[in-house]
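This report concerns only the one structure given below.
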Amino acid sequence: MSSEKIRGIIIRENFSGEADKFLTLFAKDKGKISIFAKGARNTKSKFLAASSLFTYGDFIVRTSTKTPALLSADVIESFYNIRTDLSAATYASYFAEFIDKAVIDNVADNNAMLLLLKSLQKLSKKNNNTRLTGLIFQLRFLDILGYKPDIKGIKPYSLSRTSLYATEYILNADLNTAFSVSLDIEYIKELEAFIEKYIEYHIDIKLNSYKLIKNLVLTN
């Protein structure tokens with residue numbers, strides 16, 4: 001029986017039968033892959049904790065089957081705090097859905113995986129500004145997808161000088177530095193409106209989780 005250790009983040013879970021799951025894993029050096037977790041929904045399952053959405057860990061899978069089957073898992077981070085915070089959970093779901101729908105299966109993208117990991121770590125911290133984290137994720141992910149906003153090209157959107165500077169800084173700083181940026185709410189709202197229009201124009205993807213963000217977070 002051949003097996004392999006895969007490090008990744010669970011970005012989607014689908015139920016199968018009475019207790020099984022199919023997990024979509026965004027994995028280092030592999031990209032987006034599907035694995036089968038037999039009995040994972042059973043309360044006594046050894047996979048119960050390791051098969052939850054957003055879990056980051058090392059997954060040992062059997063590779064002799066068409067769909068890799070989960071044999072064991074070691075949780076590195078569960079991001080439990082995200083699941084207890086409505087705003088953080090909503091943004092985490094949006095990040096996961098965006099990656100799931102925008103990234104091709106079985107194509108490695110370690111930059112996108114690192115961005116997701118850093119974004120989840122930021123969301124899990126107390127008193128985190130989820131809206132700012134959302135902005136940073138979207139700008140950096142657009143860059144990874146090949147749609148990096150050109151500062152000169154976005155002037156027609158009538159962004160303020162502060163928002164233009166923040167956009168340039170977030171896009172060009174190293175990832176840890178980008179996540180340390182601070183921005184007043186008026187500029188966050190300005191950039192949220194810009195990014196929404198930018199994504200609608202450049203990327204033909206419908207994201208159900210973004211509707212939740214608009215209803216639950218952006219209206220406040």
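A side-chain N or O of Tyr210 and one of Glu196 form a donor-acceptor pair less than 3.5 Å apart. For the 3.5 Å distance criterion, the side chains of Ser51 and Glu13 fail to qualify, holding no donor opposite an acceptor. Ser52 and Thr55 form no side-chain donor-acceptor contact under 3.5 Å, judged by distance and modelled atom types alone. Counted by atom type alone, Thr63 and Glu4 present zero donor-acceptor pairs between their side chains at under 3.5 Å. A donor atom on one side chain and an acceptor atom on the other are found under 3.5 Å apart for Thr133 and Asn128. Counting only N and O atoms by type, the side chains of Lys126 and Asn81 include no donor and acceptor under 3.5 Å apart.
Within the 4.5 Å cutoff, side-chain heavy atoms of Ile144 are placed close to those of Leu115. Side-chain atoms of Phe137 and Phe98, non-hydrogen and from C-beta on, do get closer than 4.5 Å to each other. Side-chain contact between Ile33 and Asp105 is absent, with no heavy atoms from C-beta onward closer than 4.5 Å. A 4.5 Å side-chain heavy-atom check between Ile60 and Asp74 finds every atom pair outside the cut-off. Ile199 places a side-chain heavy atom less than 4.5 Å from the side chain of Leu142. Arg41 is listed as a side-chain neighbour of Phe15, based on a closest heavy-atom distance under 4.5 Å. With contacts defined as side-chain heavy-atom distances shorter than 4.5 Å, the pair Lys118/Asn176 qualifies. Within the 4.5 Å cutoff, the side chain of Ile10 has no heavy atoms near those of the Thr24 side chain.
Checked against the 6.0 Å centroid criterion, the rings of Tyr56 and Phe79 do not qualify as a close aromatic pair.
Across all their heavy atoms, Tyr91 and Glu192 have their closest contact at OH-OE2, 4.0 Å. Taking all atoms of both residues into account, the shortest heavy-atom contact from Pro149 to Phe194 is CB-CZ, 4.2 Å. When all heavy atoms of Arg140 and Ala178 are compared, the closest pair comes out as NH1-CB, 3.7 Å. Ser34 and Thr67 get closest at one heavy-atom pair: O-CG2, 3.7 Å. Smallest separation of non-hydrogen atoms from Leu70 and Ser72: CD1-O, 3.4 Å. When every heavy atom of Ile82 is checked against every heavy atom of Leu120, the shortest pair comes out as CD1-O, 3.4 Å.
Panel note: side chain Lys38, backbone Leu71; no donor-acceptor pair is recorded below 3.5 Å. Although no hydrogens or angles enter the test, the distance criterion places no donor-acceptor pair under 3.5 Å between the side chain of Arg7 and the main chain of Ala27. In this structure, the side chain of Asp100 does not engage the main chain of Ala96 through any donor-acceptor pair within 3.5 Å. Between the side chain of Asn110 and the backbone N or O of Asp29 there is at least one donor-acceptor pair closer than 3.5 Å. At least one donor-acceptor pair closer than 3.5 Å links the side chain of Ser45 to the backbone N or O of Gly39. The closest donor-acceptor contact from the side chain of Ser180 to the backbone of Thr177 lies under 3.5 Å. In this structure, Asp109 contributes its side chain and Ala112 its backbone to a donor-acceptor pair below 3.5 Å. Between the side chain of Arg83 and the backbone N or O of Ser78, at least one donor-acceptor pair lies under 3.5 Å. The main-chain N or O of Ser93 is never found under 3.5 Å from a side-chain atom of Glu97 such that the two would form a donor-acceptor pair. Remark: side-chain polar atoms of Lys101 are paired, donor with acceptor, to backbone N or O of Lys206 under 3.5 angstrom.
Atoms OH and CD1, from Tyr169 and Ile136 in turn, are 10.0 Å apart once rounded to the nearest 0.5 Å. Distance check: Ser163 OG to Glu190 CD gives 3.5 Å after rounding to the nearest 0.5 Å. Atoms CG and CD, on Asp184 and Glu186 in that order, are 6.0 Å from each other to the nearest 0.5 Å. Here Leu25 contributes atom CG and Ile35 contributes atom CD1; the two are 5.0 Å apart, rounded to the nearest 0.5 Å. We find the CG-OG1 distance between Leu183 and Thr162 to be 8.0 Å, quoted to the nearest 0.5 Å. Expressed to the nearest 0.5 Å, how far CG of Asp150 lies from CD of Glu168 amounts to 9.5 Å.
By the 6.0 Å contact criterion, CG on Asp174 is enclosed, its count of non-hydrogen atoms from other residues, nucleotides or ligands being greater than 12. Within a 6.0 Å sphere centred on NZ of Lys30, other residues, nucleotides and ligands contribute 12 heavy atoms or fewer. Taking a 6.0 Å sphere around CD1 of Ile104, one finds it holds 12 or fewer heavy atoms contributed by other residues, nucleotides or ligands. No more than 12 heavy-atom neighbours from other residues, nucleotides or ligands sit within 6.0 angstrom of NZ on Lys211.
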Could you go through Lys148 and Asn172, starting from their C-alpha distance and side-chain angles, then the distance that decides it, and tell me whether this counts as side-chain contact (heavy atoms from CB on, under 4.5 Å)?
CA-CA 10 Å; Lys148 181 178 181 178; Asn172 295 302; 3.1 Å; yes
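Grouping the Ile, Leu, Val, Met, Phe, Trp and Tyr side chains by contacts below 4.5 angstrom, directly or via other members, places Phe36 apart from Leu53. Connection of Phe47 to Val75 is not established within any shared hydrophobic cluster, with ILVMFWY side chains joined at heavy-atom distances below 4.5 Å, either directly or through further cluster members. Clustering ILVMFWY residues whenever any of their side-chain heavy atoms sit less than 4.5 angstrom apart, transitively, puts Val103 in the very cluster that holds Leu207. Note on Phe95 and Ile76: same hydrophobic cluster, where clusters join Ile, Leu, Val, Met, Phe, Trp and Tyr whose side-chain heavy atoms are under 4.5 Å apart, directly or indirectly. The hydrophobic cluster containing Val107 does not contain Ile99, counting ILVMFWY residues as joined when their side-chain heavy atoms lie under 4.5 angstrom apart, directly or transitively.
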